[in-house]
A.B. asks: 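Pasting a structure here, questions to come.
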Amino acid sequence: TVSFHDDSDEDLLNI
Amino acid sequence: DKATNPLNKDLDWDGINAFCEQLNKELEGPPLATRLLAHKIQSPQEWEAIQALTVLESCMKSCGKRFHDEVGKFRFLNELIKVVSPKYLGSRTPEKVKSKILELMYSWTLGLPHEVKISEAYQMLKKQGIVKC
């Protein structure tokens, strides 16, 4: 489950 | 379900407004909403994708920072990028869906300039020639 305080993110997809 | 069920062939604005209100109320509302909408925006059924994009557009207008921040993450933006990119889903996606995604992203670069990842993603699409005008 995603935490309410989740500030994590992925990298921008390069196409 | 009312807002995003593709069997509903007309937009249900009461349902859409209720969806936006609910996602504001729930702690996990924004990540849950973005995951649901991303999945539907990637649907090969044009209506399902357009419907979900309309819900996304409406919620971006009426919801606050928590939702803007979630949409403004690459985690969600990457899912939109996949729909417009020929390397992923772009070849089988109707032009209407791709155009709406690019229009929404452009509008957010103007209306939400502090969501820098949206601008970064949009600039990348321009550089790659996905944004034609």
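Convention: sequence-line order gives letters A, B, ...; per-chain numbering from 1.
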A.B. asks: Which answer fits Tyr88(B), side chain, backbone, both or neither, if we ask what part of it has an atom under 4.5 Å from a heavy atom of chain A?
C.D. replies: side chain
A.B. asks: So for Lys87(B), is it side chain, backbone, both, or neither that comes closer than 4.5 Å to the heavy atoms of chain A?
C.D. replies: side chain
A.B. asks: Out of curiosity, Leu12(A) CG to Phe74(B) CZ, how far, rounded to the nearest 0.5 Å?
C.D. replies: 4.5 Å
A.B. asks: Does Trp13(B) belong to the same Ile/Leu/Val/Met/Phe/Trp/Tyr cluster as Phe19(B), with side-chain heavy atoms less than 4.5 Å apart forming each link?
C.D. replies: yes
A.B. asks: Do Val55(B) and Leu32(B) land in one hydrophobic cluster if side-chain heavy atoms of ILVMFWY residues count as linked below 4.5 Å?
C.D. replies: no
A.B. asks: Looking at every heavy atom in both Ser8(A) and Arg75(B), which two are closest together, and how far apart are they?
C.D. replies: OG-NH2, 3.1 Å
A.B. asks: Give the interface residues of residues 114-133 of chain B toward chain A, defined by a heavy-atom separation under 4.5 Å.
C.D. replies: Lys117(B), Glu120(B), Ala121(B), Met124(B), Leu125(B), Gln128(B), Ile130(B)
A.B. asks: Report, by ascending residue number, the residues of residues 97-113 of chain B in heavy-atom contact with chain A at a distance under 4.5 Å; give 'none' if the set is empty.
C.D. replies: none
A.B. asks: Are any of the side-chain heavy atoms of Val84(B) and Ile15(A) separated by less than 4.5 Å?
C.D. replies: no
A.B. asks: With no hydrogens and no angle check, is any side-chain donor or acceptor of Asn78(B) less than 3.5 Å from a backbone partner on Leu13(A)?
C.D. replies: yes
